[in-house]
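Order of the sequence lines sets the chain letters (A, B, ...), proteins ahead of strands, with each chain counted from 1. Only heavy atoms go into these numbers, but all of them, side chains included; no hydrogens, no water, no symmetry mates.
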Amino acid sequence: MTARRAAVVGLLLVLALTLQASVLPLLSWQGAVPNLVLLLVVAVALVRGSEAGLVVGFVGGLLLDLAPPADHTAGRWALALLLVGVLAGRLHDPRRPRGGSPLAALGTVAAASFVATSVFALAGLVVGDGDLGTGDLLSGLAVALVCDLVVAPLVLPPLLAVLRHTDLEAAPA
Amino acid sequence: MALDTSPPSSQPVRQSAVRQRERVNRRGSLEPGRPGRPKRPLVVALVLAAVTLMTVDRGADGSPVDPARRAVGEVLGPVQAGVAHALDPVLSLPRWVGDQGDLVDRVDDLEAENAELRQQLARTDVDRNRLAEYDGLTAAAEDLGYAMVPARVVGYGAAQTFTRTVTIDAGSRAGLAPDMTVVAAEGLVGRVLRVTSTTATVLLVVDDRSVVGARLGSSMEIGSLTGDGTLDDDGALDLEQVDETAVPRRGDVVVTWGSDAGAPYLSGIPVGEVTAVYSNVRDMTQRAAVRAYVDFSALDVVGVVVPSGTASDRAVIEPDGALR
């Protein structure tokens, strides 16, 4: 049961990673592409709570750190996305399996995108990856935020639906 | 001694009502009562794991994370390549679809380009001298006896990671190794950072960690080219000269200076041309903005420079232009 749920999330992770590296860059805006892994972590956290968000955030972040063509210190996305998983999971409400309002989900994505990219960039500053100016940092944050927000309404609903469907099938009680 | 501690037996009455709150209080921890909330040790463990990973991965070369990176690359690299190739026909569609506005824009662009070309024609003599020098440099690179492995870009690093790297669909099986020069038809692209058996990660010269030894085509002055981390069309590279009194000119061609044994960069590969020169009054230095010849936002086919005679799983382009 749990294995099946994990397998679905694993498959979605690989799909998100591949699309993010190979397909979306052709539609990129200022070089930034929507962070699909982040959206997946938010979706999992909203549907299954903080603990699932935490684990999926860590694993997804780790894959983002290690999958080509990444070339930053490993662990930066892992840290950023596990925090996002925990934070987004706080909005998970087991009494409302249908989830909150779409607007709230969109707000969560905005906050998650901001937090993740900030933590990623700050971790980079701490471990000394490259020399990043404040201007670059802020514009990078803004561009990433816009990208994620534009794609969220298209990607998040199907993601949430797939995850809820798997959960219902796994636990018919 | 009048302290009256309530016995555990009195708890069950209240427990049903405030069980969740009590669990948090009694342990004095942040452990939540609601399902789906993570246990604190798990949070701490994963945060520590991420931090530890960052610490061990700090070493520039020989990082213990590299085998893991390679393993993930071995699995995801072919997936990336497969998806990129499978979607090729779909992704090239926008090139065939355009509206009136696009066409008008294109006519304007071409007219502007025409004017520029006419102007260039008027300056031919100057350019011819420059070209002779520059030809000599590239000829030198050809004579070094290097061959080229063709590859395609199958994955781009996102701007959010603040690095400029791409994945190409050739790896150690095609004869690639770290620190090889990557070029496109227009000029220098970057160098190979690491390889898996079927893919390689390439650091683009526009990455702000990339430093390339450079030479000005006109004055043969040397300097270093640094990327600024953007994929923009103009001034994506910053040239700082060793001889700080030498003044680069607008339109000067910048080629690679080359390193020992041709790694990581061969000499004489065109990189770009000077678009603007800034002089710093305070320390009397000249800096030049260099526009790269390669359009990094639209990379597709690239070549990786390998020693002649390298065993490869695909056709190799030899220095004389023959396919092997």
Undergrad: If every non-hydrogen atom of Ala45(A) is compared with every non-hydrogen atom of Ala88(A), which pair is closest and at what distance?
TA: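 Smallest interatomic distance, heavy atoms only, reads CB-CB, 3.8 Å.
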Undergrad: Can you check whether Arg69(B) reaches Asp57(B) side chain to side chain, under 4.5 Å on heavy atoms?
TA: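 When only atoms from C-beta onward are counted, Asp57(B) and Arg69(B) do touch, with a gap below 4.5 Å.
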Undergrad: Could you pull out all residues at least two apart from Thr198(B) that satisfy side chain to side chain donor-acceptor pair (under 3.5 Å)?
TA: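 Thr198(B): no side chain to side chain donor-acceptor pair (under 3.5 Å) contacts found.
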Undergrad: Taking the side chain as C-beta and beyond, is there a heavy-atom pair between Asn35(A) and Ser113(A) under 4.5 Å?
TA: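 No, every pair of side-chain atoms sits at 4.5 Å or beyond.
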Undergrad: Which heavy atom in Ala184(B) sits nearest to a heavy atom in Val294(B), and how many Å separate them?
TA: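 Where Ala184(B) meets Val294(B) most closely, the heavy atoms are CB-CG2, 4.2 Å.
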Undergrad: So, does Ser210(B) use its side chain to make a donor-acceptor pair with the main chain of Val206(B) at under 3.5 Å?
TA: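 Side chain of Ser210(B) to backbone of Val206(B), a donor-acceptor pair under 3.5 Å: no, none is there.
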Undergrad: So, taking the atom named CG in Asp238(B) and the one named CZ in Arg287(B), what distance separates them when rounded to the nearest 0.5 Å?
TA: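 The CG atom of Asp238(B) sits 4.0 Å away from the CZ atom of Arg287(B).
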Undergrad: Roughly how far apart are Leu40(A) CG and Leu160(A) CG, rounded to 0.5 Å?
TA: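 Spacing of CG (Leu40(A)) from CG (Leu160(A)) equals 10.0 Å.
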Undergrad: For chain B, which of Leu24(A), Val127(A), Val86(A), Val126(A) has the most heavy-atom pairs under 4.5 Å?
TA: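 The option with the most such pairs is Val127(A).
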Undergrad: Tabulate, in ascending numerical order, the residues of residues 8-16 of chain A having at least one heavy atom closer than 4.5 Å to a heavy atom of chain B, or enter 'none'.
TA: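 The list, in residue order, reads Val14(A).
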Undergrad: Would you mind checking which part of Val153(B) comes under 4.5 Å of any heavy atom in chain A, side chain (CB onward), backbone (N, CA, C, O), both or neither?
TA: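 The answer is neither part of Val153(B).
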Undergrad: Any idea which of Val79(B), Thr52(B), Val72(B) has the most non-hydrogen atom pairs under 4.5 angstrom with chain A?
TA: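 Counting heavy-atom pairs under 4.5 Å, the top option is Val72(B).
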Undergrad: Please report the closest heavy-atom contact between Val109(A) and Ala152(A), naming both atoms and the distance.
TA: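 For Val109(A) versus Ala152(A), the nearest heavy atoms are CG1-CB, 3.9 Å.
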Undergrad: Under 4.5 Å from any heavy atom of chain A, what part of Thr165(B) do you find: side chain, backbone, both or neither?
TA: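 For Thr165(B), the contact with chain A is made by backbone and side chain together.
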Undergrad: Determine the minimum heavy-atom distance between Ala81(B) and Asp169(B), stating which atoms define it.
TA: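 The answer is CB-CB, 4.2 Å.
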Undergrad: Output the distance between atom CG (Leu154(A)) and atom CG (Leu159(A)), rounded to the nearest 0.5 Å.
TA: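 Here the interatomic distance stands at 11.5 Å.
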Undergrad: Please identify, among Thr117(A), Leu82(A), Val55(A), Leu17(A), the residue contributing the most non-hydrogen atom pairs under 4.5 Å to chain B.
TA: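 Among Thr117(A), Leu82(A), Val55(A), Leu17(A), the one with the most close pairs to chain B is Leu82(A).
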Undergrad: Under the 3.5 angstrom rule, does the side chain of Glu74(B) hit a backbone N or O of Ser197(B) as a donor-acceptor pair?
TA: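 Side chain of Glu74(B) to backbone of Ser197(B): a pair is present.
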Undergrad: Measure the spacing between CG of Leu237(B) and CG of Asp208(B) and express it to the nearest 0.5 Å.
TA: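 Answer for the CG-CG pair, Leu237(B) versus Asp208(B), is 11.5 Å.
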Undergrad: Select one option (side chain, backbone, both, neither) describing which atoms of Arg70(B) are under 4.5 Å from chain A's heavy atoms.
TA: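 Interface part for Arg70(B): neither.
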Undergrad: Output the residues of residues 63-81 of chain A for which the shortest heavy-atom distance to chain B is under 4.5 Å, in residue-number order; output 'none' if no such residue exists.
TA: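 Hits under 4.5 Å: Leu63(A), Asp65(A), Leu66(A), Ala67(A), Pro68(A), Pro69(A), Ala70(A), Asp71(A), His72(A), Thr73(A), Ala74(A), Gly75(A), Arg76(A), Trp77(A), Ala78(A), Leu79(A).
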Undergrad: Less than 4.5 Å to any heavy atom of chain A: does that hold for the side chain of Val166(B), its backbone, both, or neither?
TA: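 The backbone, not the side chain.
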Undergrad: Could you tell me the separation between the CG atom of Leu203(B) and the OG1 atom of Thr163(B), rounded to the nearest 0.5 Å?
TA: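 If we round to the nearest 0.5 Å, Leu203(B):CG and Thr163(B):OG1 are 8.0 Å apart.
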Undergrad: If the contact rule is any heavy atom under 4.5 Å from chain B, which residues of residues 138-151 of chain A qualify, in numerical order?
TA: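 Residues of residues 138-151 of chain A touching chain B at under 4.5 Å: Gly140(A), Ala144(A), Asp148(A).
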Undergrad: With a 4.5 angstrom heavy-atom cut-off, which part of Leu46(B) approaches chain A: side chain, backbone, both or neither?
TA: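 Contact with chain A involves both backbone and side-chain atoms of Leu46(B).
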Undergrad: If we define contacts as heavy-atom pairs under 4.5 Å, which of Val154(B), Asp207(B), Thr199(B), Leu76(B) has the most with chain A?
TA: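 Looking at each option in turn, the highest pair count goes to Val154(B).
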Undergrad: Looking at every non-hydrogen atom in both residues, tell me the closest pair between Leu176(B) and Ala170(B) and how far apart they are.
TA: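 Scanning both residues completely, I find the closest heavy atoms to be CD2-O, 3.4 Å.
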Undergrad: State whether Arg164(A) and Asp167(A) are salt-bridged, where the test is any N-O pair (Lys NZ or Arg NE/NH1/NH2 against Asp/Glu carboxylate O) under 4.0 Å.
TA: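 Salt bridge absent between Arg164(A) and Asp167(A).
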Undergrad: Mind listing the closest non-hydrogen atom pair of Thr181(B) and Pro264(B) along with its distance?
TA: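 So the two residues come closest at OG1-O, 2.7 Å.
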